[in-house]
Amino acid sequence: MLDPNCFRGELHNTATKLKKRGFDLDIDTIERLEEERKTLQVKTQELQNLRNMRSKAIGQAKAKGEDIQPLLDEVGDLGEKLKDSSEQLENVQDSLQSIILGVPNIPHEDVPEGNSDEDNVEVRRWGTPKTFDFQVLDHVELGEKHQGMDFEAASKITGSRFMVLKSEIARLHRAVIQFMLNCQVEENGYQEVYVPAIVNQDSLWGTRQLPKFEGDQFSLEGEHGYYLIPTAEIPLTNLVRNEIIDASQLPLKFVAHTPCFRPEAGSYGKDTRGMFRQHQFEKVELVWIVKPEESFAALEKLTQHAEIILQKLNLPYRVVTLCGGDLGFSSTKTYDLEVWLPGQEQYREVSSCSNMLDFQARSLQARYRDPETGKPELIHTLNGSGLAAGRTMIAVMENNQDEQGKIHIPEVLQPYMNGLTVIG
RNA sequence: GGAGAGGUGGCUGAGUGGUCGAAAGCGGCGGUCUUGAAAACCGUUGAGGGGAAACCCUCCCAGGGUUCGAAUCCCUGUCUCUCCGCCA
């Protein structure tokens with residue numbers, strides 16, 4: 001959530017900045033509620049002060065053995081008034097809060113104008129899409145050719161948007177994950193973390209999937225109010241919830257491999273073919289916890305760390321900056337990595353790297369102690385996929401096929417395939 | 001799953017319904033002493049919020065309740081620990 005001060009003196013400025021992402025701030029309502037809040041809060045606190053003083057006086061009188069009855073009479077209807085006032089205050093604060101919780105992060109000034117992914121701006125390209133002098137197969141055809149993908153089995157076992165992988169393809173999938181994880185741990189200095197794939201509501205509030213995006217998670221039956229994670233960003237970022245971190249510990253760089261679960265509501269008819277968009281998929285996630293002044297430099301590094309994976313796999317890709325309208329709720333700036341898929345003849349998303357500034361940290365109450373002032377300050381959080389495993393595997397399959405439909409294993413993956421160089 | 005014990009500041013750990021936001025110790029910071037350091041000694045040191053300000057409010061796991069007044073009493077939840085059972 002945004003700093004409450006964004007809704008006081010800064011209100012009009014905030015509203016202007018939010019327009020970039022197509023968000024309309026209800027200025028009039030906020031101004032009215034703020035006014036009421038101020039009056040009621042001052043009044044309530046005065047009454048509390050009065051109560052505290054009276055109670056104290058009663059305590060002192062009793063200690064001296066004096067008669068406290070006159071003092072008790074004096075209290076009168078103070079309790080009623082206080083209750084009344086604090087209830088009103090609570091109502092106003094709830095109204096304000098529910099507005100504020102629905103307000104997304106302010107886009108960074110670098111973020112391009114625009115409404116949809118068509119307005120995203122390409123930053124750079126790496127590699128050149130190979131030209132094939134034969135009819136390329138997409139990953140579904142390749143997978144079925146090698147008896148490595150069984151979508152019918154998956155829909156029998158569960159339903160649509162699930163998959164069964166077998167044999168070398170299943171192993172290739174695992175190889176991609178191991179490779180990515182090892183690379184981030186051994187070469188880029190990440191701390192490997194194993195986390196729960198089921199989280200409680202507090203964690204979802206912390207990273208702001210709740211209250212606004214309840215429908216984007218699978219919730220579990222039972223009295224716990226648990227959810228399946230749509231991304232490891234949630235458990236990883238919540239590691240620092242309610243913590244005051246020593247400045248010397250920063251930056252924290254976490255990497256984890258987890259399954260991710262997404263209902264994909266609202267994407268009917270989109271990417272229905274193959275394993276591009278699934279209800280369950282594997283992902284290696286990168287999360288940084290940094291000092292505020294370091295977060296934009298961190299975003300560049302984090303993005304590079306995701307890119308290195310694609311480079312080592314020799315997969316052509318491009319990097320785009322998301323425009324205001326395409327930006328995620330909590331992000332101030334996001335780079336998407338899009339890998340070339342010969343089967344679709346287009347660049348498709350395999351990673352999304354975002355700087356959340358203090359937007360999540362505020363609801364997480366995640367802070368560090370500033371050595372200068374000795375005071376706790378909100379940290380900044382960042383996250384990015386490094387990378388989505390299934391989509392990366394698709395790209396490996398499609399980009400490394402030959403005329404016979406054989407899949408050539410990239411060198412860096414061969415050690416994870418027991419030395420296998422080609423499938424088929 | 002059954003039985004019991006507990007959750008207090010950065011940490012350990014006291015706390016009788018009434019100046020308790022909380023003793024003490026450790027740690028941190030500042031100082032005295034020292035050529036320097038250590039030791040010793042002295043001082044200081046929780047978080048969040050409101051208000052133009054003086055100053056005030058809230059917070060002792062969470063949420064309710066009792067009371068003029070709750071860290072302290074009651075209820076519910078939650079987590080941790082110990083024992084038993086079960087188990088990968």
Side-chain angles (χ1 to χ4, degrees), chain A residues 1-11 30-31 33-97 100-101 194-206 210-211 220 222-227 235 238-250 252 289 358-379:
Chain A
M1 60 192 288
L2 291 173
D3 189 330
N5 288 321
C6 293
F7 304 101
R8 293 177 189 163
E10 293 287 292
L11 184 58
I30 294 174
E31 270 180 342
L33 287 169
E34 254 303 312
E35 188 103 349
E36 288 178 32
R37 191 225 92 226
K38 196 161 156 178
T39 316
L40 283 167
Q41 186 159 355
V42 169
K43 184 179 163 196
T44 303
Q45 292 188 353
E46 274 170 4
L47 289 169
Q48 284 173 325
N49 181 228
L50 201 58
R51 179 202 61 194
N52 291 347
M53 291 195 306
R54 297 240 163 116
S55 296
K56 213 166 264 185
I58 291 172
Q60 282 165 344
K62 212 175 170 185
K64 286 184 211 153
E66 292 167 7
D67 182 15
I68 59 165
Q69 195 52 46
L71 288 169
L72 284 175
D73 294 342
E74 210 178 293
V75 170
D77 60 350
L78 184 59
E80 281 299 304
K81 281 186 187 160
L82 178 56
K83 198 177 164 200
D84 215 55
S85 178
S86 48
E87 270 170 14
Q88 286 182 52
L89 176 62
E90 204 175 319
N91 286 339
V92 170
Q93 274 174 329
D94 285 351
S95 308
L96 258 178
Q97 192 68 358
I100 290 174
L101 285 171
Y194 173 81
V195 290
I198 294 176
V199 294
N200 61 31
Q201 295 186 15
D202 287 346
S203 294
L204 288 169
W205 276 86
L210 287 178
L220 298 179
E223 68 250 40
H224 286 292
Y226 286 161
Y227 291 81
N238 271 279
L239 284 169
V240 296
R241 171 151 54 92
N242 294 329
E243 300 288 338
I244 299 176
I245 301 156
D246 196 274
S248 65
Q249 303 282 301
L250 298 174
L252 295 173
I289 310 294
D358 60 9
F359 192 83
Q360 291 180 323
R362 187 166 291 106
S363 43
L364 289 162
Q365 280 303 297
R367 293 162 293 172
Y368 81 109
R369 199 170 290 281
D370 184 342
E372 299 279 307
T373 62
K375 292 287 166 198
E377 303 288 346
L378 294 171
I379 46 85

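From a predicted model like this one, the values you see are computed outputs, not experimental measurements. To find a chain, count down the sequence lines: A is the first, B the second, and so on, and within it residues start at 1. Side-chain atoms are counted along with the backbone in the values below, which use heavy atoms only and exclude waters and symmetry mates.
In this structure, the nucleotide among B:U19, B:C57, B:A47 sitting nearest to the side chain of A:Arg369 is B:A47. Side-chain atoms of A:Ile58 lie closest to B:C68 of the nucleotides B:G51, B:C68, B:C56. The A:Val42 side chain lies nearest to B:G51 when the options are B:G51, B:A47, B:G18. For A:Gln45, taking side-chain heavy atoms from C-beta onward, the closest of the listed nucleotides B:C56, B:G18, B:A47 is B:C56. Out of B:G51, B:C79, B:G69, the shortest distance to the side chain of A:Tyr226 is found at B:C79. Comparing atom distances between the A:Gln60 side chain and each of B:G50, B:U19, B:C68 picks out B:U19 as nearest. Relative to the side chain of A:Leu72, the nucleotides B:A47, B:C68, B:G51 differ in distance, and B:C68 lies closest.
Heavy-atom nearest nucleotides on RNA chain B were determined for A:Arg51 and for A:Asn5, and the one closer to the 5' end corresponds to A:Asn5. Each of A:Thr44 and A:Lys56 has a nearest nucleotide on RNA chain B; the 5'-most of these lies closest to A:Lys56.
A:Arg37 has no side-chain polar atom (N or O) that falls below the 4.0 Å cut-off from OP1 or OP2 of B:G50. In this model, the phosphate group of B:C57 is approached by a side-chain N or O of A:Asn52 to a distance below 4.0 Å at OP1 or OP2.
Evaluated for a side-chain contact (heavy atoms from CB on, under 4.5 Å) with A:Ser86, the options A:Leu40, A:Leu47, A:Thr44 yield exactly one hit, A:Thr44.
A:Ser363 places a side-chain N or O within donor-acceptor distance of the main-chain N or O of A:Gly206, the cut-off being under 3.5 Å.
Spacing between atom NZ of A:Lys375 and atom P of B:G28 amounts to 19 Å, rounded to whole angstrom units. Rounded to an integer number of Å, the gap from A:Asn200 CG to B:C61 C1' is 14 Å.
For B:A3, the paired base is B:U82 (Watson-Crick or G-U wobble, both distances below 3.5 Å).
The residues A:Arg37 and A:Glu34 are annotated as salt-bridged, a charged nitrogen and a carboxylate oxygen being separated by less than 4.0 angstrom.
At a cut-off of 3.5 angstrom, counting only N and O atoms as typed in the model, there is a donor on one side and an acceptor on the other between the side-chain of A:Lys62 and the base of B:G18.
A donor atom on one side chain and an acceptor atom on the other are not found under 3.5 Å apart for A:Ser55 and A:Asn52. A donor-acceptor contact under 3.5 angstrom links the side chains of A:Asp73 and A:Gln69, judged on distance only.
For B:G18 and B:C73, the P atoms lie 11 Å apart once the distance is rounded to whole Å.
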